[in-house]
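Report on the following structure.
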Amino acid sequence: MTTEHHPNCIFCKMVAGEIKPDIVFENDQLLAFRDINPQAPIHFLIIPKQHLPTLNDLSDPSLAAQLLLLPSQLAKQEGFAEDGYRTVINCNKHSGQEVYHLHLHVLAGRQMTWPPG
Ligand code: AMP
Ligand code: ZN
């Protein structure tokens with residue numbers, strides 16, 4: 001896997017160690033860190049280290065599986081798996097995506113509502 005570092009991408013800067021987020025998990029492929037503007041008592045983001053702008057750019061099945069498996073692993077570790085949580089991936093304009101480096105939100109610690117805004 002080639003990990004291309006995009007110099008103007010804030011999440012690539014975290015992967016490169018140029019910005020130090022509050023990291024909750026790291027392995028070869030993924031980085032998870034606390035959201036700077038949390039929308040719930042627990043709110044972190046899981047990103048692939050590889051710069052993929054949106055979910056539309058994700059095609060590696062192994063990476064996709066890792067991305068989908070990590071939320072429950074961290075939820076069990078941090079003790080909110082049973083109470084529950086919400087995962088969100090915003091994609092492009094209609095979703096309100098703000099950072100164009102693929103990320104999965106994990107939100108927990110309060111009752112969520114549906115439909116989302
Ligand atoms: P989205 O709207 O899905 O693109 O979400 C982007 C998220 O990244 C927002 O929840 C921001 O609060 C979060 N965010 C932006 N900059 C940082 C940062 N430096 N550290 C942690 N989270 C960030
Ligand atoms: Zn990036």
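Nothing here was measured: the structure is a model prediction, and the numbers come from that model. Note that ligands are numbered from 1 as they come in the structure, with each ligand's atoms numbered from 1 the same way.
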(request) Check each heavy atom of L45 against ligand 1 and say whether those closer than 4.0 Å belong to the side chain, the backbone, both or neither. (result) side chain
(request) Among all protein heavy atoms, pick the one closest to atom 5 (O) of ligand 1 and tell me residue, atom and distance. (result) H103 NE2, 3.1 Å
(message) By the definition side chain to side chain contact (heavy atoms under 4.5 Å, CB included), identify the one residue from V24, L68, L70 that meets it with I46.
(response) L70
(message) Would Q97 count as being in polar contact with ligand 1, using the rule that some N or O on each side must be under 3.5 angstrom apart?
(response) no
(request) With Y100 as reference, evaluate N92, I10, L52, D57 under the side chain to side chain contact (heavy atoms under 4.5 Å, CB included) test and give the passing residue. (result) N92
(request) Following the transitive rule for hydrophobic clusters with a side-chain heavy-atom cut-off under 4.5 Å over Ile, Leu, Val, Met, Phe, Trp and Tyr, establish whether I23 and I47 coincide in one cluster. (result) yes
(message) Below a 4.0 angstrom heavy-atom separation, can you tell me which part of N37, side chain or backbone, both or neither, approaches ligand 1?
(response) both
(request) Could you tell me whether some N/O pair between F33 and ligand 1 is separated by less than 3.5 angstrom? (result) no
(message) Taking side chain to side chain contact (heavy atoms under 4.5 Å, CB included) as the criterion, tell me which of L104, L69, L67 meets it with L30.
(response) L67
(request) Run down the list M14, K20, H105 and name the one with the heavy atom closest to atom 18 (C) of ligand 1. (result) M14
(message) To check your reading of the model: name the closest protein heavy atom to atom 7 (C) of ligand 1, its residue, and the distance in Å.
(response) D35 OD2, 3.6 Å
(request) Would you kindly specify which portion of F11 sits under 4.0 Å from ligand 1, judged on non-hydrogen atoms: side chain, backbone, both or neither? (result) side chain
(request) For ligand 1, indicate whether the residue I10 contacts it via side chain, backbone, both or neither (heavy-atom separation under 4.0 Å). (result) side chain
(message) Just checking: H6, one of its N/O/S atoms, less than 2.8 Å away from the Zn ion (ligand 2), yes or no?
(response) no
(request) Consider every N or O of E98 and every N or O of ligand 1, then say whether any pair is closer than 3.5 Å. (result) yes
(message) Residue-level breakdown please: for Q39 versus ligand 1, do any non-hydrogen atoms fall below 4.0 Å on the side chain, on the backbone, on both, or on neither?
(response) neither
(message) Test your reading of the model: is there a side-chain donor-acceptor pair from H105 to the backbone of N90, 3.5 Å cut-off?
(response) no
(request) Would you check whether I36 has a nitrogen or oxygen atom less than 3.5 angstrom from a nitrogen or oxygen atom of ligand 1? (result) yes
(message) Less than 4.0 Å is my threshold; does some heavy atom of P21 fall inside it relative to ligand 1?
(response) no
